[in-house]
Amino acid sequence: MPGRTVAGTALEYARALIPHLDHERFRCDQPWRGLMGRGCRTCGTETVILIADFQRSGDLPVFEAELKPHLKKARK
């Protein structure tokens, strides 16, 4: 079983994903439990956030702004 981190805000979720962007990743959503997440096969970790927490914080623009510069680097 991979190590699991539970983020409380969209910003925490984004920051937890950044170190794994250039690794082999997978979705680890569990909508029946109200969770969305990403896992890293390379490191054996999963990062999840409650969908309600992600929506409640209203931080989608912050989430996207935090990830955007790192996604460009990971694609190169």
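Heavy-atom basis, side chains included; hydrogens, waters and symmetry copies ignored.
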Validation: residues 29-39 side-chain donor-acceptor distances under 3.5 Å, sequence neighbours left out:
unit_1, atom_1, unit_2, atom_2, d
Asp29, OD1, Arg27, NH2, 3.1
Asp29, OD1, Gly37, N, 2.7
Asp29, OD2, Arg27, NE, 3.1
Asp29, OD2, Arg27, NH2, 2.7
Gln30, OE1, Arg33, NH1, 3.1

Do Leu71 and Leu60 sit in the same hydrophobic cluster, where Ile, Leu, Val, Met, Phe, Trp and Tyr count as joined when their side-chain heavy atoms come under 4.5 Å apart?
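Linked, Leu71 and Leu60 end up in one cluster.
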Assess whether side-chain contact (heavy atoms from CB on, under 4.5 Å) is satisfied between Glu46 and Thr5, documenting all intermediate values.
CA-CA 6 Å; Glu46 293 181 351; Thr5 302; over 6 Å; no
In Å, rounded to the nearest 0.5 Å, how long is the span from CZ of Arg25 to NE2 of His20?
10.0 Å
I'd like to check the side chain to side chain contact (heavy atoms under 4.5 Å, CB included) partners of Glu12; sequence neighbours left out, ordered by chain and number.
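Residues passing side chain to side chain contact (heavy atoms under 4.5 Å, CB included) with Glu12: Ala7, Thr9.
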List in chain and number order the residues that pass side chain to side chain contact (heavy atoms under 4.5 Å, CB included) with Thr42, two or more places apart in sequence or in another chain; answer none if no residue qualifies.
His23, Glu24, Cys40
Non-hydrogen side-chain atoms of Thr45 and Arg4 separated by less than 4.5 Å:
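Not in contact.
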If we only count heavy atoms from C-beta on, is the Ile49 to Val6 side-chain gap below 4.5 Å?
no
side-chain contact (heavy atoms from CB on, under 4.5 Å) test vs His70 passes for just one of Leu21, Leu17, Asp22, namely Leu21
Closest heavy-atom contact between Leu67 and Ala14?
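Smallest interatomic distance, heavy atoms only, reads CD2-O, 3.7 Å.
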Specify the closest pair of heavy atoms between Ala16 and Thr47, including all atoms of both residues, with the distance to one decimal.
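In this case the closest contact between Ala16 and Thr47 is CB-CG2, 3.6 Å.
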What residues, two or more places apart in sequence or in another chain, satisfy ring-ring contact (aromatic ring centres under 6.0 Å, His included) together with Phe54?
Phe63
